[in-house]
Amino acid sequence: MTGASGSAHVEPYDGFLLIELAGEPYERGHQHGLALRTQIQMFRDRLYRDILFKRGRAVGVTLAALLFGIVSRMHPHVPRELREEMRGLADGAGVSYRDVLLYNAFDDVLHALALLNPALAPLMNHRFIAPLIGRLACSSFVLAGPRSNTGRPIHARNLDYFLCDGFIDPDGVVPQILRENVVVFLVRPSHGRPFVSVGWPGWIGAVTAMNADGLSLACLTSPVSRETPNGIPLPLLYRLIAQHAGSLEEAEWLLRGARRTIGNNLTMASGPSGEARLFEFTMDRLAVIHPSDGLVRATNHFQHPLTVELQVGWVVPNSEYRLARLDELLGPRAYGVADAQAALTDTCSVEGAETEWDCLQNPGTIYSTIADPARLRLWVRANDRADRPFVQLDLAARLGVREGVAAA
């Protein structure tokens, strides 16, 4: 638990750290920065040395100016509470505020890079971008109703990330660092709901999260041609949902009301209602997919007629192959947590697939999680080593809930 001194409590697990934060925004950011100071400074140093200045000072200065120029367009859309938390984090870690902001907006910034800089636009055609988005190979599914043998939603995801574009990260530095530095944050904010999220040092956003009201979420990149830097970075939007939404309806309301930046898929599950959703959206369109016979599944492309038309020419085959593999693995019967773990670590592919990127577990897999939001249980597996196990975390008591959020 967070002590009277305001220091964070850190626990090591097999493949990741769990850190508990609490209090006002600046306070919990400062706790975060102090507790993970060494790792955050390492992230900062690797960002500048191995990515921004990899090709020399001239290129580094230019690239840094472009990235920070883009993130400055996003900054006005970041709520004050999250700005204060990032300021506390920067002060505690001894790094600059703008570096922390860039960490938390990195994917959105890369998507916007060519849009703000016409000189780069010729690079951002489909022949260039296909290898890049072809390595963003996340997968997620929710088993609910007749598909769950627990009677409760089982929400699973693989987070995959690999920038193989030959320019931004030619040596695969980003996935290596992410795999080796997975952190589970358990946050009890002064305002809003306690929540847990899976991220990295210096990260206040959420791409995988579950809150004390039994709402879980997992996001997946789903690229489209029309995106904007004039909005809130999506990890920070998902953080707001984790902290302030108590139901799928409230989450949808926050999504619809936000100024969104890039294309994304968002799978969500509610422990109390037993329901699930897939939200597919761009900067100006949002579609909702309900479970089919208790199953919701997503990879890196759209499935709803309202959004499919926006992605013509941008869907890479490995996303379709992974979705087909999920259908093979999750046929019309009930499954449990062990089955979900087996699916996430599956390295087989469907007929016609050609590469290892067509598999659910692939070279870009950073970590895997399974959430039981009704019981506030989370299984986490870091993918820095092949022998890492899934580690079960029973979080109800730590989130201030005695028996979970739904009856068995």
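Given the structure is predicted, the values throughout are model-derived calculations rather than measurements.
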Exercise. Are side-chain heavy atoms of Phe185 and Val183 found at a separation under 4.5 Å?
Worked result: yes
Problem set entry | Nearest atoms (heavy-atom pairs only) where Pro79 meets Leu240 | CG-CD1, 3.6 Å
Exercise. Under 3.5 Å, is there a donor-acceptor pair between the Thr221 and Asp107 side chains?
Worked result: yes
Exercise. Nearest heavy-atom pair of Ser270 and Leu215: which atoms, and what distance?
Worked result: CB-CD1, 4.0 Å
Problem set entry | Positive for side-chain contact (heavy atoms from CB on, under 4.5 Å) with Phe195, one of Arg239, Arg188, Met210 | Arg239
For this session: Look at the aromatic rings of Phe281 and Tyr238 and report parallel, tilted or perpendicular, splitting at 30° and 60°.
Result: perpendicular
Exercise. Will you find, in the side chains of Glu81 and Gln243, an N or O donor that is under 3.5 Å from an N or O acceptor?
Worked result: yes
Exercise. With no hydrogens and no angle check, is any side-chain donor or acceptor of Asn383 less than 3.5 Å from a backbone partner on Ala386?
Worked result: no
For this session: Assert yes or no for the condition that the ring centre distance of Phe68 to His75 is strictly below 6.0 Å.
Result: no
For this session: Can you see which heavy atom on Tyr335 is nearest to which on Leu329, and at what distance?
Result: OH-O, 3.4 Å
Problem set entry | Check: Arg157/Thr208 side-chain N/O donor and acceptor closer than 3.5 Å | yes
Exercise. Quick check: are there more than 12 heavy atoms from other residues, nucleotides or ligands sitting under 6.0 Å from CZ of Arg385?
Worked result: yes
Exercise. Hey, does the side chain of Asp108 reach the backbone of Leu234 with a donor-acceptor pair shorter than 3.5 angstrom?
Worked result: yes
Exercise. Closest approach of Arg179 and Thr365, non-hydrogen atoms and distance?
Worked result: NE-O, 2.9 Å
Exercise. Are the side chains of Arg277 and Glu275 in touch, meaning some heavy atoms are under 4.5 Å apart?
Worked result: yes
For this session: Only counting residues at least two apart or in another chain, list the ones meeting salt bridge (charged side-chain N to carboxylate O under 4.0 Å, His left out) with Arg256.
Result: Glu252
For this session: Indicate yes or no: at least one non-hydrogen side-chain atom of Leu36 is less than 4.5 angstrom from one of Phe43.
Result: no
For this session: Indicate yes or no: does Asp50 engage Arg46 in a salt bridge with an N to O separation below 4.0 Å.
Result: yes
For this session: Kindly give the heavy-atom pair with the smallest separation between Leu360 and Ser139, and that separation in Å.
Result: CD2-OG, 3.5 Å
Exercise. When you check the side-chain N and O atoms of Tyr97 and Asp91, is any donor under 3.5 Å from an acceptor?
Worked result: no
Problem set entry | Check: Arg388 main-chain N/O paired with Arg381 side-chain donor or acceptor under 3.5 Å | yes
Exercise. Which distance, rounded to the nearest 0.5 Å, do you find between the CG of Asn158 and the CG of Leu344?
Worked result: 4.5 Å
Problem set entry | CG-CD distance between Asn264 and Glu227, expressed to the nearest 0.5 angstrom | 9.0 Å
Problem set entry | Verdict with supporting geometry, Met268 and Ile241, side chain to side chain contact (heavy atoms under 4.5 Å, CB included) | CA-CA 11 Å; Met268 297 196 68; Ile241 291 173; 4.0 Å; yes
Problem set entry | N/O donor-acceptor pair under 3.5 Å between Arg147 side chain and Leu330 backbone | yes
For this session: Flag the pair Arg226 and Asp284 as a salt bridge only when some basic side-chain nitrogen lies within less than 4.0 angstrom of an acidic carboxylate oxygen.
Result: yes
For this session: Answer yes if the side chains of Arg73 and Asn230 hold a donor-acceptor pair under 3.5 Å, and no otherwise.
Result: yes
Exercise. Taking the side chain from Ser197 and the backbone from Ala209, do they hold a donor-acceptor pair closer than 3.5 Å?
Worked result: no
Exercise. Nearest 0.5 Å, what's the CZ-NE2 distance between Arg322 and His301?
Worked result: 9.0 Å
Problem set entry | Aromatic plane relationship, Trp200 with Trp203 - under 30° parallel, 30 to 60° tilted, over 60° perpendicular | perpendicular
Exercise. Between atom CZ of Arg260 and atom CG of Leu237, what is the distance when rounded to the nearest 0.5 Å?
Worked result: 8.5 Å
Problem set entry | His155 and Phe141 aromatic centres sub-6.0 Å | no
Exercise. Would you say the side-chain atoms of Arg402 pair up with the backbone N or O of Ala396, donor to acceptor, closer than 3.5 Å?
Worked result: no
Exercise. Going through the distances and angles, do Asp99 and Tyr48 end up as a side-chain hydrogen bond (donor to acceptor under 3.5 Å, both in side chains)?
Worked result: CA-CA 10 Å; Asp99 286 342; Tyr48 282 93; 2.6 Å; yes
Exercise. For the atom pair CD (Glu85) and CD (Gln31), what is the distance rounded to the nearest 0.5 Å?
Worked result: 9.5 Å
For this session: For the residue pair Val350 and Asp358, establish whether any side-chain heavy-atom pair is separated by less than 4.5 Å.
Result: no
Exercise. Would you say the side-chain atoms of Tyr26 pair up with the backbone N or O of Leu89, donor to acceptor, closer than 3.5 Å?
Worked result: no
Exercise. Are the side chain of Glu24 and the backbone N or O of Ser190 linked by a donor-acceptor pair below 3.5 Å?
Worked result: no
Problem set entry | Qualifying side-chain hydrogen bond (donor to acceptor under 3.5 Å, both in side chains) pairs with a residue from residues 303-313, counting only residues at least two apart or across chains | Ser222-Gln311, Glu280-Thr307, Arg285-Glu309, Arg297-Gln303
For this session: Run the salt-bridge test on Glu320 and Arg325 with the 4.0 Å N-O cut-off and return the result as yes or no.
Result: no
Exercise. Does a side chain donor of either Gln392 or Asp394 reach within less than 3.5 Å of an acceptor in the other side chain?
Worked result: yes
Exercise. Roughly how far, to the nearest 0.5 Å, is the CG atom of Asp372 from the CD1 atom of Ile154?
Worked result: 7.0 Å
Exercise. Looking only at heavy atoms, which two atoms of Pro223 and Asn300 are closest? And how far apart?
Worked result: CD-O, 3.9 Å
Problem set entry | Main-chain N/O of Val100 paired with Asn104 side-chain donor or acceptor, under 3.5 Å | yes
Exercise. When you measure from the side chain of Asn362 to the backbone N and O of Cys359, does any donor-acceptor pair fall under 3.5 Å?
Worked result: yes
For this session: From the options Leu110, Leu102, Val109, select the one residue that forms a side-chain contact (heavy atoms from CB on, under 4.5 Å) with Ile70.
Result: Val109
